[in-house]
Amino acid sequence: MKISLYQRLAITLCAAFMIMASLLIWWSNSLVQQSKYQAEQKLHLHLAEHLAHDNPLLQDGVYDKAALENLFHTLMLLGPAFEFYFLDTQGNILTYSADPAKIKRQKVSLIPLKKLIEQPQKAPIFGDDPRGINTSKIFSASPIYQDEKLQGYLYIIIGGEIYDSIFSQVQDDKNLQKYGAFVLASLALLLLLLLVVFHYFTRPVKELAEQMQALKAVQFDQTQVQLKQWGDSNYGIDHNEVNFLGATFNDMVLQINQQLSLLTENDRVRRELLAHLSHDLRTPLATMQGYIETLAMKGDDLSSAEKQDYLATVQRNVSQLKRLIDQIFELAHLENGQVTVNLETFAIGELLHDIMSKFTLKTANKNISLTLQPQPCQFMVFSDIAKLERIMTNLLENAIRHTDSGGEIVITVTHLIAEIKVSVTDNGSGISKEDIAYIFDARYRASNAIEDNTQHAGLGLAISQKLSRVINSELMVKSELGNGSSFSLSIPLQS
Ligand SMILES: Nc1ncnc2c1ncn2[C@@H]1O[C@H](COP(=O)(O)OP(=O)(O)OP(=O)(O)O)[C@@H](O)[C@H]1O
Ligand SMILES: [Mg+2]
């Protein structure tokens with residue numbers, strides 16, 4: 001059985017109130033009794049002593065059963081709330097003022113008697129009630145001496161049987177009943193009030209639990225459930241803990257949903273990339289397979305020029321395949337974070353000259369001018385040579401490919417405060433606004449891409465951007481379709 005928080009609180013509260021009410025009634029009753037006994041006993045503390053002192057028989061310590069019985073009878077008529085007993089030195093009841101059938105004990109314990117005589121301040125002290133086997137009552141007692149020899153005790157039970165019956169009648173008094181009912185009604189009202197308050201305070205918790213359950217039912221898909229707004233003044237107290245929990249829960253759900261859609265998107269991109277790359281790998285492989293099979297089947301029928309031609313095609317595809325596989329590996333390593341950075345101080349001018357020299361043949365063939373500004377370039381930087389070379393090579397390769405014959409590529413080094421900016425600017429085809437946001441995505445080839453025998457898979461810029469992040473730099477692009485592009489990278493200066 002499911003019990004809500006409010007129900008649990010209500011049950012606990014009711015139980016606590018019932019226990020409290022019972023304890024209160026018991027405690028007030030016993031307090032009334034106790035004070036009554038104490039007052040009664042203190043009031044009549046010296047009753048026995050005075051009687052013994054004032055009565056000539058007892059004063060002399062003379063024990064005369066008939067006379068005492070007579071005396072007790074008279075006294076009982078005068079004070080019906082008292083019962084009189086004469087005890088011997090052992091506590092045996094010798095004389096009493098009652099119907100013998102009512103006397104249940106022949107002997108009473110002397111310990112409480114002695115205690116009261118010696119320490120009267122300890123009242124109420126209860127002594128054995130001769131009219132009951134197990135009952136005890138408050139009393140007054142006095143020792144009786146004859147010539148300084150202890151004869152026995154005068155033992156007076158205060159509030160005897162008659163008193164008890166009258167007192168129980170008084171207890172049933174209407175006023176007392178009203179008082180009890182008033183106390184109980186107040187307790188019940190307090191309980192009711194608390195139940196209402198608890199209901200009011202636990203309502204937001206209930207709502208939060210309901211919202212959690214609703215979200216759980218739809219696998220925490222936030223789009224399917226209207227999230228409640230927490231933290232407003234709905235419940236009178238702003239920023240209370242439940243509102244805080246609710247708002248945090250909402251944030252958590254939103255974040256989980258965002259991350260989930262990001263993961264789904266990443267997964268989709270990865271699948272797409274894998275499909276494209278498989279295709280890129282398959283194309284040179286299929287070409288190679290075709291040529292090799294032809295060579296194997298018709299080898300003897302082919303002229304040596306044809307064989308050379310076939311082998312050259314196979315070779316070209318092998319290097320293309322190798323380049324592609326190297327790129328895929330490089331990208332995978334970068335994505336897994338499996339790269340080490342070797343930072344050192346070096347002259348950026350020298351590195352750029354070395355890289356440019358690799359492209360001398362290509363630029364000459366295409367009649368493109370490739371220059372470095374300023375000359376001489378003497379900045380000392382602190383970076384990773386191999387990674388910078390890789391990035392610059394990719395940028396130059398792209399620039400040359402997308403610049404027409406007679407075009408111009410300039411590598412510019414600009415001094416900023418604590419770093420330099422290296423830009424590769426060409427006056428080639430440029431990149432459209434629509435494409436520019438995606439050119440750093442792996443396998444993205446813009447609409448201007450040069451379709452040169454599928455050698456380029458669109459991985460160069462993705463690799464370059466990841467490499468630049470590894471060396472704490474950011475690769476930036478500015479481009480305009482038809483007016484060329486400029487890729488730039490900041491590199492920290494030697495400290
Ligand atoms: N300098 C540039 N001028 C114009 N377009 C460019 C330039 N550099 C890159 N692009 C565009 O960005 C796309 C992505 O470049 P990226 O270097 O990633 O791939 P790629 O050069 O086509 O192939 P890969 O580098 O793998 O051989 C290119 O296909 C091209 O469309
Ligand atoms: Mg490239």
Side-chain angles (χ1 to χ4, degrees), residues 269-270 272-284 316-335 352 355-356 358-359 362-363 366 368-372 387-412 421-470 474-489:
V269 170
R270 204 167 287 271
E272 221 166 69
L273 180 67
L274 205 67
H276 286 145
L277 289 178
S278 324
H279 176 261
D280 289 347
L281 289 170
R282 212 179 298 137
T283 315
R316 220 175 33 250
N317 279 287
V318 166
S319 47
Q320 187 186 333
L321 208 56
K322 184 179 178 305
R323 183 175 182 274
L324 194 59
I325 290 169
D326 285 347
Q327 276 184 322
I328 295 170
F329 265 103
E330 195 176 5
L331 198 65
H333 276 290
L334 280 166
E335 283 192 342
L352 291 174
I355 300 168
M356 281 163 72
K358 287 197 293 184
F359 292 94
K362 272 193 178 175
T363 46
K366 254 187 125 174
I368 290 171
S369 92
L370 175 60
T371 51
L372 174 66
K387 293 183 178 56
L388 260 184
E389 183 176 351
R390 189 80 184 87
I391 298 169
M392 293 310 293
T393 307
N394 275 335
L395 295 180
L396 278 175
E397 205 179 57
N398 282 351
I400 293 169
R401 208 150 29 90
H402 295 92
T403 304
D404 288 336
S405 173
E408 198 177 55
I409 300 170
V410 187
I411 301 177
T412 325
K421 189 168 91 174
V422 179
S423 313
V424 179
T425 312
D426 63 63
N427 61 357
S429 60
I431 307 163
S432 73
K433 270 188 195 155
E434 294 75 41
D435 285 327
I436 209 151
Y438 305 105
I439 54 165
F440 293 110
D441 290 352
R443 204 49 195 71
Y444 189 83
R445 306 198 70 217
S447 45
N448 65 355
I450 313 289
E451 294 302 328
D452 45 0
N453 60 26
T454 66
Q455 260 195 32
H456 299 278
L459 297 177
L461 281 182
I463 291 171
S464 301
Q465 191 189 47
K466 287 195 168 57
L467 281 172
S468 68
R469 284 181 183 162
V470 166
E474 191 63 31
L475 187 57
M476 317 274 265
V477 60
K478 269 190 202 158
S479 185
E480 205 178 306
L481 196 63
N483 281 328
S485 320
S486 179
F487 287 85
S488 55
L489 187 74

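Each ligand, and each atom within it, is numbered from 1 in the order the structure gives. Everything numeric in this text was worked out from a predicted model, so none of it was measured.
Inclusion of N394 in the set of residues having an N or O under 3.5 Å from an N or O of ligand 1 is not warranted. Of the polar atoms of A462, none of the N or O atoms is found under 3.5 Å from an N or O of ligand 1, judged by distance alone. Residue L461 has at least one N or O atom closer than 3.5 Å to an N or O atom of ligand 1. Remark: ligand 1 and S429 share no N or O pair separated by less than 3.5 Å (distance only, no angle test). Residue-to-ligand polar distances place G458 within reach of ligand 1: an N/O pair is separated by less than 3.5 Å.
Remark: E335 engages R270 in a salt bridge, criterion side-chain N to carboxylate O under 4.0 Å. Ion pairing between a basic and an acidic side chain is recognised when a charged N comes within 4.0 Å of a carboxylate O; R390 and E330 show such pairing.
In this structure, F440 has no heavy atom closer than 4.0 Å to ligand 1.
Residue-level proximity to ligand 1 for L395 is absent, since no heavy atom of it falls below 4.0 angstrom. Heavy atoms from both the backbone and the side chain of H456 come within less than 4.0 Å of ligand 1.
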For this session: Report the C-alpha distance between L277 and L459 in whole Å, list the side-chain angles of each, state the deciding distance to 0.1 Å, and finish with yes or no for side-chain contact (heavy atoms from CB on, under 4.5 Å).
Result: CA-CA 10 Å; L277 289 178; L459 297 177; 4.0 Å; yes
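Other residues, nucleotides and ligands contribute only 12 or fewer heavy atoms inside 6.0 Å of the NZ atom of K421.
A 4.5 Å side-chain heavy-atom check between I409 and I368 finds at least one atom pair inside the cut-off.
Within ligand 1, the atoms closer than 4.0 Å to a non-hydrogen atom of R323 are 27 (O), numbered from 1 in the order shown.
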